[in-house]
Structures are given as structure tokens and as C-alpha cells.
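Reviewing the structure listed below.
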Amino acid sequence: MTSTPALVDAHHHLWDLARRPQPWLDDPAVASIRRTFTPDDLRSTATHPIAGRRLTSTVVVQCVADVPETEDLLALAEQEPLIGAVVGWADLTSPAIGDVLDRLLAGPGGTYLRSLRHLVQGETDPGWLQRPDVESGLAAVRERGLCYDVLIRSHQLDQAIRLAERFPDLPQVLNHAGKPSIARGELADWERQVRLLARHPQVVCKVSGLITEADHGTWTTADIRPVWDVLLSSFGPGRLMFGSDWPVANLAGGWNRWAATVAELLTDCAESDIQALLAGTATAFYGLPHHAEDTEPGADATQHT
């Protein structure tokens with residue numbers, strides 16, 4: 001029997017506005033996505049194949065700094081077969097961070113918690129990730145065998161580099177490639193720092209969120225390709241993972257247009273590289289259930305079990 005090639009969306013969001021408000025959606029710039037998004041919405045939307053693969057598994061990621069939202073996502077993952085892992089939130093600065101993580105891991109769906117994330121992109125402290133209380137929280141994350149999703153803007157990449165230096169045994173994944181300034185074409189500083197970050201083997205990177213950093217109305221594959229080329233040459237396909245950033249991606253074209261763009265960018269890649277980027281790296285990093293073909297490609301990615 002031939003197995004179905006896996007396609008993992010390693011970064012998407014879900015929210016039910018009737019159950020939990022999302023204050024960030026009050027911004028008029030995101031009015032078009034100010035509604036509830038469910039797994040069924042994703043399932044019916046994500047239809048475009050990438051290199052002959054259709055969506056088989058996902059990683060759902062927190063949106064707000066709110067433990068109850070993480071509890072909701074974990075409980076949903078326990079019921080929803082499409083979701084393979086959850087990236088949650090807990091207050092890294094709290095002395096009680098260890099107890100909170102233990103409670104989440106022991107609660108409904110706790111086995112799906114694979115990583116923590118904080119919206120560092122919104123912090124004004126230029127050394128937030130190096131604060132002693134934050135580092136204490138990250139140590140608690142590491143001690144429980146969890147990973148850390150690094151959400152920063154390009155001008156904060158120095159914090160990510162220092163984090164990688166100080167936590168060589170904490171698996172880390174750079175979200176949205178560090179949000180390069182694609183729309184303005186200002187990539188030189190981003191490229192220099194991304195290449196420095198990629199020297200740390202415990203750090204992998206999500207190829208996600210790029211279309212919302214480009215001009216939402218006019219971007220083309222040519223606008224994305226310079227970033228793609230830097231990521232491929234610095235991290236290598238075994239440390240890159242596809243993510244949609246849906247439904248935020250709807251602001252700049254949506255899941256299927258991004259999938260078609262990734263398919264075009266992968267045209268000249270070897271099959272083993274395609275497998276790593278579309279499934280193997282995310283499967284290894286987030287400890288997702290293995291498909292038959294997932295064991296070899298992406299094996300150099302940081303393992304999490």
C-alpha cells in the first residue's frame with residue numbers, strides 16, 4: 001500500500017469570537033478577518049496541493065497572551081484529527097510558570113502542547129528575551145521538554161541570536177522568517193542577522209507570514225524569492241518548515257495563493273528537500289505523528305518527542 005505524502009501546515013490560527021475575544025482584531029486594517037475561524041473553515045479552504053500533496057496535519061498557534069486560550073486550543077486538538085500540535089502561551093515572567101506549564105500538560109489535550117510563544121514583536125524592551133525573569137521562564141520551558149516559537153520583527157533579530165547563544169539546548173523556531181521588510185525591499189540587515197542565527201543548529205525557521213510582509217495587493221512570487229533564497233541557503237531545507245499563517249494570510253491572498261507560490265518556489269528542489277520543507281522538519285520539531293515517508297528527510301532538524 002502506498003502512503004499519502006504528508007503536507008504539514010506548521011503555523012495557523014483559530015479563534016471563536018463568541019467564546020473568546022481577540023482584541024487585536026479591532027484594528028481596522030484586519031477587519032476582513034474579524035470573524036470566527038474553525039478547523040472546518042481551514043479544511044474547506046486549504047485545497048491547493050503543493051508538489052502533489054494536500055493538507056494532512058497542522059500546528060495551531062496562540063494569538064493572545066491568555067492561558068485560557070491555550071487551554072481551549074489544547075482541548076480542541078484532542079477532538080480535531082487535523083491538529084497535530086499546539087503552540088501555546090504562558091507568562092514567561094511569572095515565578096509560577098513551571099506550575100502553569102505542568103497544569104497545561106496534565107490537563108485536557110495537554111499531550112498536544114509542544115511549544116510556547118510570546119508576542120515579543122510587541123515588546124518595546126530591546127532586550128526582552130534576555131530579561132532574567134524571561135530566561136527563568138524559558139528554562140522552565142526547556143526543562144519540560146518543550147520548544148520555543150520566536151515571534152519577532154526583523155529589527156529584533158539580535159535578541160533571537162542572543163537567545164540561541166544562551167539556550168543551545170532549547171529547540172527554537174523563528175516564526176515568519178523574522179518578518180523581513182519585503183514591501184520596502186529592505187533585506188540587507190535582515191539577511192545578515194538571519195545568516196548569523198542560522199549558525200545555531202537548534203534553531204529552525206518557518207517559511208510563513210511572508211505575503212503579509214509584502215505589499216498585500218501587488219506582491220508576486222518575484223517579491224518573495226529573494227527571502228526564499230536566503231532561507232534556503234542559510235538554514236537548508238532540513239531546517240525549514242512550511243506554514244500558512246492562515247487566516248491572517250487572507251489579508252494578502254489567502255492559503256491557496258500562498259500554497260501555489262510555495263509550489264512554484266519548490267520547482268527546482270530535490271524530492272528529499274521538498275519532503276523536509278513540507279513535512280519532515282515540522283514533524284521532527286513538533287513531534288507530530290510520523291507518516292511512512294517522514295523518517296528520513298528532515299532528520300537533521302532538531303528532534304522533539
Side-chain angles (χ1 to χ4, degrees), residues 7-12 29 48 50-51 120-121 149-161 164 172-201 203-246 248-282 285 297-298 300-301:
L7 172 58
V8 176
D9 183 344
H11 194 107
H12 74 92
H48 196 287
I50 306 178
V120 181
Q121 66 177 15
D149 273 55
V150 182
L151 178 63
I152 55 170
R153 298 191 184 280
S154 57
H155 71 275
Q156 298 169 310
L157 273 163
D158 59 326
Q159 289 192 56
I161 293 167
Q172 299 154 46
V173 56
L174 180 64
N175 286 195
H176 311 324
K179 296 198 166 187
S181 299
I182 298 172
R184 296 193 300 272
E186 298 172 357
L187 299 179
D189 287 345
W190 168 83
E191 177 178 352
R192 177 179 57 81
Q193 292 192 297
V194 159
R195 291 192 184 280
L196 290 173
L197 181 62
R199 293 178 182 177
H200 298 273
V203 181
V204 299
C205 180
K206 290 183 182 181
V207 185
S208 61
L210 300 183
I211 59 177
T212 48
E213 299 305 315
D215 185 291
H216 291 186
T218 65
W219 70 268
T220 66
T221 303
D223 296 314
I224 306 299
R225 191 176 295 278
V227 172
W228 171 272
D229 290 343
V230 169
L231 296 177
L232 204 61
S233 63
S234 54
F235 284 97
R239 292 166 59 205
L240 294 175
M241 60 179 84
F242 163 79
S244 69
D245 198 26
W246 178 91
V248 180
N250 291 353
L251 299 172
W255 202 99
N256 286 329
R257 187 176 175 201
W258 174 232
T261 301
V262 172
E264 183 179 351
L265 291 166
L266 285 168
T267 299
D268 296 326
C269 292
E271 180 58 35
S272 60
D273 294 345
I274 293 171
Q275 158 57 19
L277 200 147
L278 296 184
T281 304
F285 186 86
D300 58 334

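Worth saying up front: this structure is predicted, and the values here are computed from it rather than measured.
- Between A10 and A282, the shortest heavy-atom contact is CB-CB, 4.0 Å.
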Original post:
Checking side-chain contact (heavy atoms from CB on, under 4.5 Å) for the pair W258/V207: CA distance, chi angles, key distance, verdict?
Top reply: CA-CA 10 Å; W258 174 232; V207 185; 3.9 Å; yes
Subject >> From CA spacing to verdict: side chain to side chain donor-acceptor pair (under 3.5 Å), R195, S233 >> reply: CA-CA 9 Å; R195 291 192 184 280; S233 63; 3.1 Å; yes
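- The two residues W190 and G178 make their nearest non-hydrogen contact at CD1-O, 4.2 Å.
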**OP:** Apply the test salt bridge (charged side-chain N to carboxylate O under 4.0 Å, His left out) to residues D245 and K206: give CA-CA distance (whole Å), side-chain angles for both, the deciding distance (0.1 Å), then the verdict.
**Re:** CA-CA 10 Å; D245 198 26; K206 290 183 182 181; over 6 Å; no
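- Considering I50, L266, T281, I274 as possible partners of F242, the one that fulfils the side-chain contact (heavy atoms from CB on, under 4.5 Å) test is I50.
- Going from atom CZ of F235 over to atom NE2 of H200 covers 10.0 Å, rounded to the nearest 0.5 Å.
- Looking at W228 and T221, their side chains never come closer than 4.5 Å, going by heavy atoms from C-beta outward.
- In this structure, R257 satisfies the cation-pi test against W219, with its NZ or CZ atom closer than 6.0 Å to the six-membered ring centre and inside 45 degrees of the ring normal.
- Atom OG of S154 is separated from atom CD of Q121 by 11.0 Å, given to the nearest 0.5 angstrom.
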**OP:** Please report the C-alpha distance between W255 and D9 in whole Å, then the side-chain angles of each, then the deciding distance to 0.1 Å, and finally whether the side chain to side chain donor-acceptor pair (under 3.5 Å) criterion is met.
**Re:** CA-CA 10 Å; W255 202 99; D9 183 344; 2.9 Å; yes
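- Residues I211 and H216 share a closest heavy-atom pair of O-CD2, 3.9 Å.
- With rounding to the nearest 0.5 angstrom, the CG atom of L151 is 8.5 Å from the CG atom of D149.
- In terms of modelled atom types and a separation under 3.5 Å, the side chain of D223 and the main chain of T220 share a donor-acceptor contact.
- A side-chain contact (heavy atoms from CB on, under 4.5 Å) with L157 is found for exactly one of I152, D189, V150, L196, namely I152.
- Of all heavy-atom pairs between Q156 and V120, the closest is NE2-O, 3.0 Å.
- Put simply, CZ on R239 and CG on L231 are 11.0 Å apart, with the number rounded to the nearest 0.5 Å.
- Of all heavy-atom pairs between A177 and V194, the closest is O-CG2, 4.2 Å.
- The line from CD of E213 to CZ of R153 is 6.5 Å long, rounded to the nearest 0.5 Å.
- Listed by chain and residue number, H13, H176 satisfy the ring-ring contact (aromatic ring centres under 6.0 Å, His included) test with H11 (two or more places apart in sequence, or in another chain).
- Checked against side chain to side chain contact (heavy atoms under 4.5 Å, CB included), N256 has the following partners two or more places apart in sequence or in another chain: T47, H48.
- Atom CG of residue L197 and atom SG of residue C205 lie 8.0 Å apart, to the nearest 0.5 angstrom.
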Original post:
Checking side-chain contact (heavy atoms from CB on, under 4.5 Å) for the pair D215/I182: CA distance, chi angles, key distance, verdict?
Top reply: CA-CA 8 Å; D215 185 291; I182 298 172; over 6 Å; no
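- Inter-residue side-chain proximity for Q172 and V204 is flagged as unmet; no heavy-atom pair is nearer than 4.5 Å.
- Using a 4.5 Å cut-off on side-chain heavy atoms (C-beta onward), P180 and L210 make contact.
- Shown here for S244 and A249, the closest heavy-atom pair between the two residues is O-CB, 3.3 Å.
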**OP:** May I have the step-by-step check of side-chain contact (heavy atoms from CB on, under 4.5 Å) for M241 and V8, ending in yes or no?
**Re:** CA-CA 8 Å; M241 60 179 84; V8 176; over 6 Å; no
